[in-house]
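This structure is in structure tokens; I'll ask about it shortly.
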Amino acid sequence: MTRHFLADDDLSPAEQAEVLELAATLKASPYDARPLAGPQSVAMVFDKPTLRTQVSFGAGIAELGGNPMLVEGRLAGIGIRESVEDVARVLGRQVSAIVWRTFEQSDLELMAEHAGVPVVNALTDEFHPCQLVADLLTVREHVGPLAGLTVAFVGDGACNMGNSWLLAGATAGMHVRVSAPEGYVPSPAMFDRANAIGATTGGSATAVPDPVAAVTGADVVVTDTWVSMGKEEESAAREVVFGPWSLTADLLAHAQPEAVVLHCLPAYRGKEIAADVIDGPQSVVWDEAENRRHAQKAILTYLLEHP
Ligand code: NVA
């Protein structure tokens, strides 16, 4: 059986803890593990813009002894020029793993079904699970053990980051509060899925419409762009609705005094996050961005070593 990482809950609580531990080990000794020696190639396919994901996977795969191979989504035309299934069969004969950023989660699942090698979600409309491993690693480093911590996610809760926080946070035994305007709250099914995990870990997932109530007492405060990739046409309308959910210093003041602020980037200062918050002392966003590399090295290593 080939293991994939398509959504945050593809890792059980014990597996997530193991991957986080491995990420910390790899961060301390970046060149010691070489599961891709050969070098074996890993395809990195992007159907949406990227900076951190391409660079952190590229550098990380090289550190693991492998060859990062960029596949331009525009040129490959997956699902347009040829079917997802056929692309999966072809890539699977050339590379040891496939990292794919695309729109539909169902396409990613189709790729995984037919590739015969591990497939990693490098962001879909629904989930961004690699980011969450990096985020949890960052919280571990700055705050401490994850279980029992309270996270407030404010802003566009219905996007990949909101969904991924619900699942990954609950897996880690955290209490995740999502605060979003009406119409931008994760689906009830996503809360149910997170709370089913939380029932086994002590974690929980709750919608808290009022941003002040959501942030009050939180150990971790998270936001994300109001306009995810693919939603650019809705920019103007979204900016009107999301105003009260902007992560300002006044809002952050309701969190624990030593709370940390996360943002997966790119950030829009003055919109979802104030400049004095993202550039302020509670922000750990640069460590978070660096941790993408360590987290993804751990994910790839884990998938390759646990078929
Ligand atoms: N929700 C954002 C995350 C960017 C890394 C997007 O999908 O554009």
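First listed ligand is number 1; within each ligand, the first listed atom is number 1. Residues take their numbers from the sequence shown, with the count starting at 1.
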Requested in this report: Would you check if Ser96 and Val117 make a side-chain contact, meaning some heavy-atom pair closer than 4.5 Å?
Outcome: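 They are not in side-chain contact.
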Query raised in the report: Any chance CD of Glu232 has more than 12 other-residue heavy atoms, nucleotides or ligands included, within less than 6.0 Å?
Result: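 Enclosed.
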Report task. Just let me know how Asn160 lines up against ligand 1, side chain, backbone, both or neither, with a heavy-atom cut-off below 4.0 Å. Result ->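 It is the side chain that gets close, since no backbone atom is under 4.0 Å.
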Requested in this report: Anything under 30° is parallel, anything over 60° is perpendicular, the rest tilted; go ahead and classify Phe242 against Tyr184.
Outcome: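 Judged by the thresholds at 30° and 60°, the geometry between Phe242 and Tyr184 is tilted.
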**Report entry** Close N or O approach (His128, ligand 1; < 3.5 Å)
**Finding:**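 In fact, backbone or side chain, His128 has no N or O that close.
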Query raised in the report: So which heavy atom in the protein is nearest atom 8 (O) of ligand 1, and how far is it from that ligand atom?
Result: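 Sorting protein heavy atoms by distance from atom 8 (O) of ligand 1 puts Met229 N, 2.8 Å first.
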Query - Under 4.0 Å to a heavy atom of Cys159 - the qualifying atoms of ligand 1, by number - result: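 By the 4.0 Å cutoff, the relevant atoms are 1 (N).
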Report task. Under 4.0 Å from a heavy atom of Ser228: give me the atoms of ligand 1 that qualify, with their elements. Result ->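 So the atoms of ligand 1 that pass are 1 (N), 2 (C), 6 (C), 7 (O), 8 (O).
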Query raised in the report: For ligand 1, which atoms sit closer than 4.0 Å to a heavy atom of Leu265?
Result: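 By the 4.0 Å cutoff, the relevant atoms are 5 (C).
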Query raised in the report: Are the side chains of Val227 and Lys271 in touch, meaning some heavy atoms are under 4.5 Å apart?
Result: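 No, their side chains stay 4.5 Å or more apart.
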Query - Polar contact flag, side-chain donor to acceptor under 3.5 angstrom, Glu272-His263 - result: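 Yes.
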